[in-house]
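The structure under discussion appears below in the form of structure tokens.
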Protein chains: 2
Amino acid sequence: MTGQVRTVDGRVAGRRGQETRQKLLDCLREMLSTSPYRDVKVIDVARMAGTSPATFYQYFPDVEGAVLEIAEEMAEDSGGLKELVDGKSWAGKTGFTTSEELVDGFLAFWRKNDAILRVVTLGAAEGDKRFFKIRMKVLNSVAAPLAEAVRNTQGKTDKTVDGSAIAGSLVTLLAAAAEHSKAFTSWGVKVKDLKPNLALQVYLGVTGKKPPK
Amino acid sequence: MTGQVRTVDGRVAGRRGQETRQKLLDCLREMLSTSPYRDVKVIDVARMAGTSPATFYQYFPDVEGAVLEIAEEMAEDSGGLKELVDGKSWAGKTGFTTSEELVDGFLAFWRKNDAILRVVTLGAAEGDKRFFKIRMKVLNSVAAPLAEAVRNTQGKTDKTVDGSAIAGSLVTLLAAAAEHSKAFTSWGVKVKDLKPNLALQVYLGVTGKKPPK
DNA sequence: CGGTAAGCTGACGGCATGACAGGACAAGTT
DNA sequence: AACTTGTCCTGTCATGCCGTCAGCTTACCG
């Protein structure tokens, strides 16, 4: 499915080329997590990878192009988040555990990929369709099954409930909370307290009820 | 309070100088809402203002410095958001109206300043203390009185409720929803439907009850 | 061993950055 | 009007990054 990896000028990349390419991506990833996005320069990435800027431009059109590559990789990886919701029960105490595990897993994923997700979020907010699409893919890996869960849990009793809207809000909240957990700290909410609070919100949103104690 | 406006090299800016400075800020604001942050260049801002890059550097250390200026101005302006919560009632139908107006006002503010807020959000996420502080000021203008409202409404009956955590979550959600309203559209939630949904979440969060119909 | 394609880089023109010195200008003084 | 003073702007320059290309090196294959 994925065609051969190609250089910008159309050559087919071989073993050595792919290694170099990968090293550049790794170094870029590293750069992104240590410097402001605005200050990430091709020359720095190349230097860190022990190669020259010209080599960088063989494999990527520019910094943004390489960032998109990393982001797409990360988006593929986000497929695993589905398992946090799919086939889980939202009834009673088990339901609250589902909620806790979802929050935990989602925050862990976001934290693991925080640097690249920061850039994706910015790009999406700026209206870049490619970044927007990637962001939606990540969010949808949770939002889609979650909307289904809402419909299954509340849809029968209350036809006015909009599963997509609720699931969307919850996922949006989780993403923002993960990205700005520091803000909560400054509100006097410790990271340990944050998780149960989010879990509570998720449980409330999905089931429409307060959790059993 | 605000000392005289000074140039980078320490001179006091006069009438004409302040005009130029302001024009540069206005043009930068404009640039930010039309180009990706990464691509905003001093030379473009200067050109748009009908002046030279050297002039820009007389008034600001760099693009970031000027952006901080705009952001601080915006943060001052955010003080007015307090009025959306202060002295409002959360009881019954009136309470839901309070919630609706809060959502409306907050989203309007965010939309009006979306370009600069995007950059502030990025800076805060990247760990820049100056941007973080500005972002907290904006969020706190709503979060602080909202936390108080939560304590007043639920704190009496339930000691385990953490007003700061709930208010923080709600404000975080509102900010993220404002910044990424497009995501909701792609989930099939129209902008018109988004507001009531958020209002519902806010009402639920503050009062702990479902709203009266 | 020679041919072919992949892989890498030095070098270059172009543009942005950031600093400085000096010219233009406004406003008051003599 | 000529002069003074301090503000304001820009031409210019050194530096550094961008993005491209020609050409050299390396690896593989018959």
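Chain A is the first sequence line, chain B the second, and so forth, proteins listed ahead of strands; every chain is numbered from 1.
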Seminar exercise, completed: Across all chains, not counting sequence neighbours, the salt bridge (Lys or Arg N to Asp or Glu O under 4.0 Å) partners of A:Lys112 are A:Asp77
Problem set entry | With sequence neighbours excluded, residues passing ring-ring contact (aromatic ring centres under 6.0 Å, His included) with A:Phe109 | none
For this session: Just grab all the ring pair (Phe, Tyr, Trp, His ring centres under 6.0 Å) pairs involving residues 171-193 of chain B, residues at least two apart or on different chains.
Result: B:Phe184-B:Trp187
Problem set entry | Qualifying residues under ring-ring contact (aromatic ring centres under 6.0 Å, His included), relative to A:Trp110, sequence neighbours excluded | A:Phe106
For this session: Can you sort out which residues in residues 24-34 of chain A have a heavy atom within less than 4.0 Å of DNA chain C? Ascending by number, please.
Result: none
For this session: Applying salt bridge (Lys or Arg N to Asp or Glu O under 4.0 Å), name anything that partners A:Arg16, two or more places apart in sequence or on another chain.
Result: none
Problem set entry | Contacts of type ring-ring contact (aromatic ring centres under 6.0 Å, His included), residue B:Phe96, not counting sequence neighbours | B:Tyr203
Seminar exercise, completed: Applying salt bridge (Lys or Arg N to Asp or Glu O under 4.0 Å) to A:Lys182 and not counting sequence neighbours gives none
For this session: Not counting sequence neighbours, list each pair that qualifies as a salt bridge (Lys or Arg N to Asp or Glu O under 4.0 Å) and has a residue in residues 184-201 of chain A.
Result: A:Asp104-A:Lys195
Exercise. Across the strands shown, which category fits B:Thr7 at heavy-atom distances under 4.0 angstrom: base, sugar-phosphate, nothing?
Worked result: nothing
For this session: Could you tell me whether B:Tyr59 contacts a base, only the sugar-phosphate backbone, or nothing, with contacts defined as non-hydrogen atoms closer than 4.0 Å?
Result: sugar-phosphate
Problem set entry | With B:Glu30 via salt bridge (Lys or Arg N to Asp or Glu O under 4.0 Å) - residues at least two apart | none
Exercise. A:Phe56 or A:Arg38: which one's nearest nucleotide on DNA chain C is closer to the 5' end?
Worked result: A:Phe56
For this session: Provide, to the nearest angstrom, the distance between the CD1 atom belonging to B:Ile43 and the C1' atom belonging to D:dT10.
Result: 13 Å
Within the sub-3.5 Å range, which N or O atoms of nucleotides 19-30 of chain D have a protein N or O partner, and how far apart are they?
residue	atom	partner	partner atom	Å
D:dG19	OP2	A:Tyr57	OH	2.8

Exercise. Taking NZ, NE, NH1 and NH2 as the nitrogens, is one of them in A:Asp86 or A:Lys88 under 4.0 Å from a carboxylate oxygen of the other?
Worked result: no
Problem set entry | Span of DNA chain C in contact with chain A (heavy atoms, under 4.0 Å) | C:dA6 to C:dG10
